[in-house]
Engineer: 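Questions regarding the structure given below will be posed in turn.
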Number of protein chains: 2
Amino acid sequence: MIYSSELIKGTLKTIVLKLLEDNNRMYGYEITQKVKELTFDKIQITEGALYPTLHVLEEDGLVTTELEYNGKRVRKYYTLSPEGKSKTKEKVSELADFMNTMKFLLDIKTQSA
Amino acid sequence: MIYSSELIKGTLKTIVLKLLEDNNRMYGYEITQKVKELTFDKIQITEGALYPTLHVLEEDGLVTTELEYNGKRVRKYYTLSPEGKSKTKEKVSELADFMNTMKFLLDIKTQSA
DNA sequence: CTTCAATGCATTGGTTTCTTATGTATCTTT
DNA sequence: AAAGATACATAAGAAACCAATGCATTGAAG
């Protein structure tokens with residue numbers, strides 16, 4: 001089962017920030033694979049979604065980048081900036097809070113009965 | 001605190017379906033107030049978002065409607081159709097599953113350490 | 001040795017979904 | 001009488017994602 005794509009909307013940026021927080025330094029393709037692995041293929045980030053998101057994070061100063069060459073193949077590594085780190089905490093805690101609220105909404109009957 | 005609007009994306013339809021499942025029969029404005037109340041003002045559904053969503057649910061045959069007059073003021077009541085009921089179960093369980101996955105993603109460090 | 005899959009970057013066009021703003025009208029409270 | 005709440009609705013625009021495409025390198029399989 002793969003989640004319908006609407007669900008990813010709004011959470012992608014937070015997912016990426018959280019992964020960077022946990023792994024310090026990652027490149028784009030690595031992120032797609034890590035998410036796929038960690039979610040047992042339930043979330044598959046498309047490149048058309050990921051790269052624009054990474055570029056926005058960079059424009060906003062939340063990440064810094066450095067190019068690295070393995071032979072001739074280039075990798076663009078992303079690392080959280082100080083602002084990126086605090087923004088990550090914000091976004092993660094907001095999402096956690098949101099999920100609690102949603103859980104409450106979805107379980108109304110069980111909880112009130 | 002009100003959640004940043006990106007978070008609502010993708011969950012609105014499921015929220016509406018779930019409320020209709022719990023309350024059997026609701027009209028639009030009532031839904032906005034109920035969500036506001038149940039989430040302690042953290043989620044505020046705008047009418048510009050809600051009404052198009054309700055119309056789509058109707059077009060898709062997931063809800064049926066009936067107009068009712070309180071004096072001259074009209075209310076449009078929405079009720080889940082049989083397809084709507086099964087669709088609701090689908091969507092709610094998908095969202096619950098998604099939230100578990102997200103929770104796992106956000107807690108990686110805690111869980112692996 | 002060549003072809004296909006995987007790795008790695010990126011952009012473009014299109015759709016969905018929501019926001020903001022606006023419009024109309026009724027009812028209630030001050 | 002006016003303002004705010006109730007109640008419907010639409011329209012223009014932005015945001016965020018998907019699907020498709022493109023380019024290039026590397027590794028594995030035949």
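These numbers come from the heavy atoms of this one structure, side chains and all, not from hydrogens, waters or symmetry mates. Naming: A, B, ... by sequence-line order, numbering from 1 per chain.
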Engineer: Which ones in residues 45-57 of chain A lie close to DNA chain C, meaning a heavy atom under 4.0 Å from one of its atoms?
Structural biologist: A:Glu47, A:Gly48, A:Tyr51, A:His55

Engineer: Under the salt bridge (charged side-chain N to carboxylate O under 4.0 Å, His left out) rule, collect the residues that match up with A:Glu47, sequence neighbours excluded.
Structural biologist: none

Engineer: Does any residue of residues 86-102 of chain A have a heavy atom under 4.0 Å from DNA chain D, and if so, which ones, in number order?
Structural biologist: none

Engineer: Find out whether B:Met102 and A:Met99 are in side-chain contact, i.e. whether some heavy atom of one side chain is under 4.5 Å from a heavy atom of the other.
Structural biologist: yes

Engineer: Let me spell it out: for each of A:Gln44 and A:Arg73, pick the nucleotide of DNA chain D with the closest heavy atom. Which residue's pick is nearer the 5' end?
Structural biologist: A:Gln44

Engineer: Does this structure show an ion pair linking B:Lys18 with B:Asp22, if we count only N-O contacts that are shorter than 4.0 Å?
Structural biologist: yes

Engineer: Which residues satisfy the side chain to side chain donor-acceptor pair (under 3.5 Å) test with B:Tyr27, sequence neighbours excluded?
Structural biologist: B:Arg75

Engineer: Taking only residues two or more places apart in sequence, or in another chain, which ones meet A:Lys42 in a salt bridge (charged side-chain N to carboxylate O under 4.0 Å, His left out)?
Structural biologist: B:Asp97

Engineer: Does anything in residues 58-67 of chain B reach DNA chain C, meaning a heavy atom under 4.0 Å, and if so which residues?
Structural biologist: none

Engineer: A:Glu83: what forms a salt bridge (charged side-chain N to carboxylate O under 4.0 Å, His left out) with it, not counting sequence neighbours?
Structural biologist: none

Engineer: Mind checking which nucleotides bracket the chain B contacts on DNA chain C, 5' to 3', with an atom under 4.0 Å from a heavy atom?
Structural biologist: C:dC18 to C:dC27

Engineer: Please, which pairs that meet ring-ring contact (aromatic ring centres under 6.0 Å, His included) have at least one residue in residues 29-50 of chain B, sequence neighbours excluded?
Structural biologist: none

Engineer: Within the structure provided, determine whether A:Thr11 and A:Ile8 are in side-chain contact (heavy-atom separation under 4.5 Å).
Structural biologist: yes

Engineer: List in numerical order all residues of residues 25-37 of chain A for which some heavy atom is under 4.0 Å away from an atom belonging to DNA chain D.
Structural biologist: none

Engineer: Tell me, please, which residues at least two apart from A:Glu68 pass salt bridge (charged side-chain N to carboxylate O under 4.0 Å, His left out).
Structural biologist: A:Arg25

Engineer: Among pairs that include at least one residue of residues 45-75 of chain A, which meet ring-ring contact (aromatic ring centres under 6.0 Å, His included), considering only residues two or more places apart or in two chains?
Structural biologist: none

Engineer: Can you work out whether A:Gly10 or A:Asn70 has the more 5'-proximal nearest nucleotide on DNA chain D?
Structural biologist: A:Gly10

